[in-house]
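Hydrogens, waters and symmetry mates play no part in the numbers below; they use all other heavy atoms, side chains included. Residue numbering restarts at 1 for every chain, and letters A, B, ... go by the order of the sequence lines. Keep in mind that this is a model prediction, so the values were computed, not measured.
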Amino acid sequence: MPSESNQRFPKQARITHQRDFELVFRSGTVAADNVLVVHAIRSESDRCRLGISISRRVGNAVVRNRWKRLIREAFRRQQDALPAGLDMIIRPKRGAVPDHDAIRRSVVYLSKKLDRRLPNK
RNA sequence: CCGGGAGGCAGGGCAAUCGCCGAAGCGGAGCCGCGCAUGCGGCUGGCGUUUCGGAGGAAAGUCCGGGCUCCAAAGAGCAAGAUGGUCGAUAACGUCGACCGGCCGCAAGGCUAGGGAAAGUGCAACAGAAAGCAAACCGCCAGCGGGAGGAAACUCCGCGGGUAAGGGUGAAACGGUGGGGUAAGAGCCCACCAGGACGGGGGGUGACUCUCGUCGCUUGGUAAACCCCAUCUGGAGCAAGAUCCAGCAGAAUGAGUCCGCUUAUGGCGGACGCGUCGUUGCUCGUGACGUCAACAUUCGGGUAGAUCGCUUGAGGACGCAAGCAAUUGCGGUCCCAGAUGAAUGAUUGCCCGCGACGCUCCCUUGGGAGUUUCGCGACAGAACCCGGCUUAUAUGCCUCCCGGAGUU
RNA sequence: CGGGGUGUAGCGCAGUCUGGCUAGCGCAUCUGGUUUGGGACCAGAGGGUCGUAGGUUCGAAUCCUAUCACCCCGA
């Protein structure tokens with residue numbers, strides 16, 4: 001099992017501080033399709049980090065939890081397919097419905113698009 | 001069988017793969033301490049692995065009540081607010097239980113902020129004569145004037161009176177019916193009925209209720225209008241609060257005046273003045289702290305962050321006992337989420353429940369049984385913890401009761 | 001966690017404190033007039049479960065209770 005892909009999601013892979021969120025929102029690049037909106041900057045390490053931001057307008061707590069879990073799963077299961085070294089904040093597009101397959105496709109597509117746009121270190 | 005009423009329970013299941021949070025264990029890694037050393041002990045937002053646990057009946061709304069923590073103190077008064085039949089339950093409540101009164105319903109049952117209006121103040125549009133020290137618009141009544149008409153009876157007009165029985169208005173008009181009485185009338189008097197006050201007796205812990213007597217006493221509504229009465233409430237909240245503290249900025253002390261003591265360019269104490277702070281509506285009482293700056297000396301406070309608070313509790317299920325019940329007592333037994341950009345999940349398959357179209361079989365209309373496919377499976381996510389209340393909720397199930405129809 | 005506010009015609013608001021007079025005002029809509037036509041202007045009309053449900057009262061947009069939705073603050 002040396003080549004088994006990494007699907008774990010420890011705390012290092014998350015954005016956990018208010019100031020990091022502010023940094024990404026203020027100085028990050030944005031990409032969006034009709035499902036998700038992604039803000040991103042170059043990370044300080046090679047590891048990708050994920051933050052999820054869901055407004056109260058999206059729905060009640062159950063709906064918001066559903067969004068969070070689907071986005072997290074999409075990130076976790078496809079970590080190796082994503083470009084390295086991005087700090088991303090993902091939030092749902094206004095009016096979108098939470099759909100598993102659509103979110104999976106959207107995460108990969110938008111992160112690659114941002115990787116091309118952001119300058120290399 | 002039909003219709004209705006009351007209450008309760010459940011809130012999809014299993015498996016596979018990949019994950020998340022917590023606890024405990026093991027392995028290895030790093031660091032620290034001891035030791036000459038093999039090694040031993042301790043620590044860690046770290047790595048791997050194993051086991052165990054991981055959302056709700058409402059976790060929701062945040063409408064009440066507590067625990068807990070802090071506010072120098074929670075002292076007094078005022079203000080403000082809340083509650084409002086009685087008795088009980090409880091840590092407490094605006095909650096719950098039982099009962100009383102009122103209203104609704106054929107009934108089972110349901111609803112009920114339900115203290116005080118003969119303490120005071122206020123309010124009642126329109127209509128109506130009049131809307132609360134009662135009052136005379138029409139009507140009714142006798143009297144006076146003799147003004148008008150008439151043969152007269154009498155009628156009309158005027159005057160000051162009597163009258164709440166009749167009229168119409170209104171949500172509401174100062175008890176109801178009958179009789180007597182009277183000029184006409186009126187609880188003015190009488191009988192019965194309704195209510196009230198007072199007194200006595202029976203029942204009940206009590207709200208209240210039953211009953212007897214006396215008084216003709218009949219005094220309207222509104223307090224979810226002000227108000228009065230009784231009871232209750234200090235405030236803020238786990239982002240409370242405690243501990244360790246980067247950075248940055250800074251703070252404290254020495255030194256207001258007077259007096260006293262003294263180990264004497266200093267130190268200590270007291271008084272006065274001034275200023276600041278403080279219980280979070282106001283006042284009072286009782287307090288705490290400081291005494292310009294420059295300069296010197298010394299360091300505290302505490303932000304980011306981290307840790308604790310943080311889950312064993314008015315706890316759960318069970319049994320026995322007390323009580324109509326809410327609930328309580330005793331016994332052994334169980335440990336059952338603790339996250340913090342925030343875990344408790346994602347995907348797939350099978351099963352389960354419900355619905356629809358179709359097919360097959362049974363059969364008297366109509367239903368029942370089986371089955372393929374498709375669709376649906378609610379409301380909703382712990383954030384310090386409890387007790388309630390309220391609201392949302394697919395579907396399924398259970399118990400008791402009432403009315404009607406029917407069978408034996 | 002705590003505090004505050006709003007809900008009335010298609011839109012924006014008043015009326016709520018102190019219950020009754022007609023639920024009013026502006027814009028918009030419709031009809032008519034004016035104009036060659038349009039705009040503007042003039043005249044008139046329609047349009048309201050006063051967020052919802054109970055209650056108090058003779059009577060409720062207004063008072064009380066509960067509830068729903070939305071918005072804004074503070075720590």
A:M88 has an atom CE; how far is it from atom P of B:G341, in whole Å? 19 Å
Of A:I15, A:I71, A:L70, the one forming a side chain to side chain contact (heavy atoms under 4.5 Å, CB included) with A:I52 is A:I71
Is there a side-chain polar atom (N or O) of A:K11 under 4.0 Å from OP1 or OP2 of B:U340? yes
Considering only atom P, compute the distance from B:U233 to B:G65 and round it to an integer number of Å. 12 Å
Rounded P spacing from B:G387 to B:A317 in Å: 11 Å
Using the P atom on both, measure C:C17 against C:A60 and round to a whole Å. 15 Å
Can you check whether A:V37 reaches A:K93 side chain to side chain, under 4.5 Å on heavy atoms? yes
So, with a heavy-atom separation below 4.0 Å from RNA chain B, the residues of residues 98-110 of chain A are A:H100
Rounded off to whole Å, could you give me the CD1-to-C1' distance for the A:I52 and B:G345 pair? 12 Å
To the side chain of A:R14, which of B:G345, B:C18, B:C21 is closest? B:C21
Syn/anti label of B:A55 as read from its glycosidic torsion, with the cut at 90° from 0: syn
What I want to find out is whether A:D33 reaches A:R105 closely enough, with some N-O distance under 4.0 Å, to be called a salt bridge. no
Could you tell me which non-hydrogen atom of A:A40 sits nearest to which non-hydrogen atom of A:L114, and how far apart they are? CB-CD1, 3.7 Å
All heavy atoms of A:R76 vs all of A:Q7, minimum pair found to be CG-O, 2.7 Å
Distance between C1' atoms of B:C111 and B:A6 (Å, rounded): 15 Å
Does a side-chain N or O from A:R8 land closer than 4.0 Å to OP1 or OP2 of B:C20, or not? yes
Taking every non-hydrogen atom, the tightest pair across A:A84 and A:R42: O-NH1, 3.7 Å
Verify stack between A:F9 ring and B:G19 base, 5.5 Å, 30 degrees: no
Syn if the chi torsion is within 90° of 0, anti otherwise; quick check, which is B:G48? anti
Taking all heavy atoms of A:S111 and all of A:V108, pick out the closest pair and write down the distance. OG-O, 3.0 Å
What contact category does A:L70 fall into here, base, sugar-phosphate, or nothing, at under 4.0 angstrom with non-hydrogen atoms? sugar-phosphate
Between B:A342 atom P and A:I54 atom CD1, what is the distance in whole Å? 11 Å
Mate of B:A184 across any strand shown (Watson-Crick or G-U wobble, both atom pairs under 3.5 Å) is none
Any donor-acceptor pair under 3.5 Å between the side chain of A:R76 and the base of B:C20? no
Anti or syn, where syn is a glycosidic angle within 90° of 0; which label fits C:G38? anti
Separation of atom CD in A:Q7 from atom P in B:G345, rounded to whole Å: 19 Å
If the P atom of B:C210 is compared with that of B:C193, how far apart are they to the nearest Å? 16 Å
What is the base-pairing partner of B:G22, counting Watson-Crick and G-U wobble geometry with both distances under 3.5 Å? B:C52
Interatomic distance, A:K68 NZ vs B:A339 P [rounded to whole Å]: 16 Å
Rounded interatomic separation in angstrom, taking CG from A:L50 and P from B:G341: 14 Å
Determine the Euclidean distance between corresponding P atoms of B:U297 and B:G275; express it in Å to zero decimal places. 34 Å
Can you confirm whether A:Y109 is buried at OH, in the sense that more than 12 heavy atoms of other residues, nucleotides or ligands lie under 6.0 Å from that atom? no
Is the glycosidic angle of B:U311 within 90° of 0, making it syn, or outside that range, making it anti? syn
Is the shortest distance from a Lys or Arg side-chain nitrogen in A:R14 or A:D87 to a carboxylate oxygen in the other one below 4.0 Å? no
C1' spacing across the pair B:A107 / B:G4, given as an integer number of angstrom: 10 Å
Nearest to side-chain heavy atoms of A:Q12, which nucleotide of B:C47, B:A342, B:G305: B:C47
Integer angstrom distance from the C1' of B:G345 to that of B:A339: 14 Å
Is there a donor-acceptor contact under 3.5 Å from the side chain of A:R64 to the main chain of A:V58? no
Going by number, which of residues 56-67 of chain A have a non-hydrogen atom under 4.0 Å from RNA chain B? A:N60, A:A61, A:V62, A:N65, A:R66
For the residue pair A:G85 and A:C48, what are the closest heavy atoms and their distance? N-SG, 4.0 Å
Looking at A:R8, is its backbone amide N or carbonyl O close enough to the side chain of A:Q79 to form a donor-acceptor pair, meaning the two atoms are under 3.5 Å apart? yes
Any donor-acceptor pair under 3.5 Å linking the side chain of A:R117 with the backbone of A:K112? no
Using a 90° cut-off around 0 for syn, call C:U57 syn or anti. syn
Name the one of A:I41, A:V24, A:L23, A:L50 that satisfies side chain to side chain contact (heavy atoms under 4.5 Å, CB included) with A:I89? A:V24
With a cut-off of less than 4.0 Å, is there a side-chain N or O of A:R69 near OP1 or OP2 of B:U344? yes
Among the nucleotides B:C20, B:A346, B:A343, which one has an atom lying closest to any side-chain atom of A:E73? B:A346
What is the distance, rounded to the nearest whole Å, between atom CZ of A:R77 and atom C1' of B:G345? 11 Å
Treat a base pair as Watson-Crick or G-U wobble with both distances under 3.5 Å, then lay out RNA chain C in dot-bracket form, 5' to 3', with | for cross-strand pairs. (((((((..((((......[...)))).(((((.......))))).....(((((..]....)))))))))))).
Any donor-acceptor pair under 3.5 Å joining the side chain of A:Q18 to the base of B:G341? yes
Minimum heavy-atom distance A:W67-A:I103, with the two atoms named: CZ3-CD1, 3.7 Å
Starting from P on B:G45, measure out to CD1 on A:I15 and report it in whole angstrom. 22 Å
